[in-house]
Amino acid sequence: MTRKARSRDETTPQNEPPTAPGPSLSRLEVRNLATIRTLDLSFRDGLSVFTGETGAGKSIIVDALGLLLGSRSNTDLIRTGEDDLLVTGFWGDDVASRRVTSQGRSTARLDGEVVALRELQDWAQRRLTIHWQHSAVSLLGPANQRALLDRQLPAELGAYAAAHRAWADARARLEALRASERERARQLDLLQFQATEISDVNPVPGEEEPLQADLNRLANLESIAQGAAGAIMLLSDGDENALGFLAEAVRSLNVSARYDDTTAQLQRELREALDSVQAVVGELRAVAEGQAPDPEELARVEARLGALGKLRAKYGPTLDDVLSFHAQVEQELAALTRDEQDAGTLDADVAALHAELLRAGAALDTARRDRAAPLAAELVAVIRQLGMPHARLEFHLHALNEPGAHGLSDVTLHFTANPGEDLAPLADVASGGELSRVMLAISTVLGADTPAVVFDEVDAGIGGGAALAVAAQLRHLAQARQVFVVTHLAQIAAQADHHYKVEKSVEEGRTVSRVRLLPPEERLHEIARMLSGNTSEAALRHARELLGPAHASAEAAAEPASSAR
């Protein structure tokens with residue numbers, strides 16, 4: 001990235017800042033957020049600061065970025081009289097946005113597509129880190145303190161995590177087997193009964209419909225035979241029947257058929273009808289004479305349908321469902337049977353996996369101890385530059401009663417800022433201001449995990465030489481990351497590559513906040529105001545000294561365009 005030439009003072013860190021790949025935040029659009037009506041800011045790499053009078057709303061930018069990070073939506077953030085607010089961030093070609101309505105509904109989008117808020121949060125957390133005014137308290141959590149050290153040891157931590165998963169899974173399985181032997185036996189009996197009950201019937205998909213048709217036929221054989229006999233009487237066996245009438249009709253056309261082709265054709269069709277009726281009569285005789293009831297066949301069909309119905313009632317509602325249930329039962333039986341077979345050897349497996357876990361845990365603890373002292377020294381070197389010259393910090397390992405998910409030991413930070421005082425847990429002895437500076441040191445030495453980092457008034461409670469040291473650390477971090485800082489200290493603002501001012505005014509009876517990128521002359525006056533509360537000649541002279549002689553001319557040639565309304 002292009003960096004402006006600037007002089008280094010004695011507090012400037014000399015270690016190389018860690019790198020963070022990925023696109024930086026190039027643009028931010030805000031609509032109807034708090035006192036902002038509309039805002040459109042363009043950003044570049046380096047250190048950007050936001051300053052302004054007390055109460056001007058300097059943290060509104062942080063609130064806007066926090067919404068993209070998935071922070072809880074609050075309808076109080078919506079500008080009075082508006083229906084919703086909208087925040088849109090641009091990272092190169094990627095666009096993320098979040099809309100919050102006055103009804104409390106929130107809509108997240110990535111590249112214009114609606115996504116779950118969690119998905120937006122995961123996406124943004126890979127690109128942006130915010131250190132809120134009180135977020136340094138996260139350092140008080142033991143898990144976060146351990147993570148500071150473990151992020152330096154990915155190989156050892158990964159090996160331990162894999163060993164712990166394997167051991168925990170095997171142990172849980174063994175405990176489940178031991179705790180549920182009686183339940184497993186009961187379950188085996190039930191599953192075996194269910195599997196046998198279905199297998200004995202051996203249902204076939206689609207067989208019920210033809211069986212039901214057979215049942216209807218067998219149950220009504222007498223009616224079928226009577227119907228066939230009645231039809232036979234009408235067609236052939238009655239004193240007057242259809243066959244006789246058809247035969248008479250054919251004979252009556254014998255003479256006329258010799259002289260008329262149409263009549264001849266009709267006579268032929270009548271003969272075909274006569275033949276068809278005679279054929280039907282023959283089949284009806286077979287039906288009438290062959291429909292003697294068969295009690296055994298009827299009982300067989302009824303029994304089969306009953307067995308299928310019983311299965312459907314218990315495992316259905318359809319035969320396909322019964323067959324699916326049977327397949328599931330077979331799988332569960334196989335798993336339970338396998339568990340019984342495995343129980344004999346699982347004890348040995350658990351013991352072997354536990355031994356491997358202890359080896360991996362010992363290797364992780366060794367790596368932690370090897371890295372703890374150098375990392376603590378790096379952090380202390382920075383912390384001492386931040387106005388705590390007597391600070392000491394150490395990582396302490398404490399053995400756990402049994403292997404945990406993250407190792408055989410827990411890790412805590414022990415700290416003191418005062419000479420002659422014993423080290424004690426950071427959570428017990430560090431003030432809010434000390435925590436903020438420890439957090440800044442960590443961000444500088446270890447780096448944030450994202451290409452853009454935001455600090456919201458990390459300089460609270462410090463001044464003088466400590467302020468210069470904090471400014472140097474922020475400038476150092478900005479060599480590898482895009483850094484945004486909300487600050488009230490002129491020492492920090494003077495080190496910025498890009499200086500934005502947040503201003504509040506009243507227009508048409510409404511409060512409106514604006515954010516402007518300051519040109520060099522206005523920046524000089526803002527630094528003077530921050531130093532002395534006025535822009536007297538003495539204050540301006542002090543501001544020029546703080547900015548440096550070459551800073552204004554270099555800045556004028558490199559600033560991006562910015563607009564806010």
Side-chain angles (χ1 to χ4, degrees), residues 192-331:
Q192 287 169 346
F193 171 80
Q194 292 172 332
T196 300
E197 184 177 35
I198 297 174
S199 296
D200 287 347
V201 176
N202 192 24
V204 177
E207 69 171 306
E208 280 188 299
E209 289 186 7
L211 281 172
Q212 189 62 52
D214 281 348
L215 179 63
N216 291 336
R217 181 183 61 82
L218 292 170
N220 293 280
L221 286 178
E222 185 174 349
S223 297
I224 294 170
Q226 289 176 352
I232 292 171
M233 288 295 295
L234 294 171
L235 292 174
S236 67
D237 291 357
D239 293 337
E240 294 183 346
N241 56 73
L243 286 176
F245 289 127
L246 283 171
E248 285 295 329
V250 171
R251 285 194 296 273
S252 70
L253 297 175
N254 283 339
V255 175
S256 59
R258 289 199 296 267
Y259 306 111
D260 179 47
D261 292 340
T262 299
T263 302
Q265 176 62 33
L266 293 172
Q267 187 184 45
R268 286 192 294 271
E269 292 178 4
L270 281 173
R271 286 196 181 101
E272 292 172 0
L274 181 62
D275 293 340
S276 296
V277 172
Q278 288 174 333
V280 168
V281 169
E283 293 181 13
L284 286 172
R285 292 190 190 281
V287 170
E289 295 170 0
Q291 296 300 325
D294 185 348
E296 292 184 0
E297 177 66 9
L298 179 60
R300 184 192 67 78
V301 173
E302 287 178 336
R304 181 64 178 173
L305 284 171
L308 295 174
K310 183 179 178 181
L311 291 182
R312 284 192 296 100
K314 294 180 68 174
Y315 311 117
T318 68
L319 282 186
D320 287 338
D321 295 324
V322 172
L323 292 170
S324 296
F325 180 83
H326 185 249
Q328 179 182 344
V329 166
E330 294 287 358
Q331 290 177 356

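Excluded from the calculations below are hydrogen atoms, water molecules and symmetry mates; all remaining heavy atoms, backbone and side chain alike, are included.
A side-chain donor-acceptor contact under 3.5 Å links Ser252 to the backbone of Ala249. When atom types are taken as modelled, the side chain of Arg285 and the backbone of Val280 share no donor-acceptor pair closer than 3.5 angstrom. Between the side chain of Asn202 and the backbone N or O of Ser199, no donor-acceptor pair lies under 3.5 Å. With Gln267 contributing its side chain and Val250 its backbone, the two residues share a donor-acceptor pair below 3.5 Å.
Note that CG of Asp275 is 7.5 Å distant from CD of Glu272, once rounded to the nearest 0.5 Å. Rounded to the nearest 0.5 angstrom, Glu248 CD and Phe245 CZ are separated by 9.0 Å. Here the CD-CG distance, from Glu269 to Leu274, works out to 13.5 Å after rounding to the nearest 0.5 Å.
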Worksheet entry | Intermediate values then yes/no, side chain to side chain contact (heavy atoms under 4.5 Å, CB included), Gln278 and Leu235 | CA-CA 8 Å; Gln278 288 174 333; Leu235 292 174; over 6 Å; no

Practice prompt. Evaluate the side chain to side chain contact (heavy atoms under 4.5 Å, CB included) criterion for residues Asn241 and Leu234: first the C-alpha distance (whole Å), next the side-chain angles of each, then the deciding distance (0.1 Å), finally the verdict.
Written response: CA-CA 5 Å; Asn241 56 73; Leu234 294 171; over 6 Å; no

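Residues Ser324 and Asp321 have side chains that never bring a donor and an acceptor to within less than 3.5 angstrom of each other.
Atom CG of Asp261 is surrounded by 12 or fewer heavy atoms from other residues, nucleotides or ligands within 6.0 Å. Within 6.0 Å of CD on Glu240 lie no more than 12 heavy atoms contributed by other residues, nucleotides or ligands.
The closest side-chain heavy-atom distance from Tyr259 to Val255 is below 4.5 Å.
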Quick one: side chains of residues 308-317, donor-acceptor pairs under 3.5 Å with protein atoms, not counting sequence neighbours, listed by atom name and distance.
from: Arg312; atom 1: NE; to: Glu208; atom 2: OE1; distance (Å): 3.2
from: Arg312; atom 1: NE; to: Glu208; atom 2: OE2; distance (Å): 2.9
from: Arg312; atom 1: NH2; to: Glu208; atom 2: OE2; distance (Å): 3.4
from: Lys314; atom 1: NZ; to: Glu197; atom 2: OE1; distance (Å): 3.0
from: Lys314; atom 1: NZ; to: Glu197; atom 2: OE2; distance (Å): 3.1
from: Tyr315; atom 1: OH; to: Glu197; atom 2: OE1; distance (Å): 2.5

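Across all non-hydrogen atoms, the minimal contact from Leu319 to Glu207 is CD1-CG, 4.3 Å.
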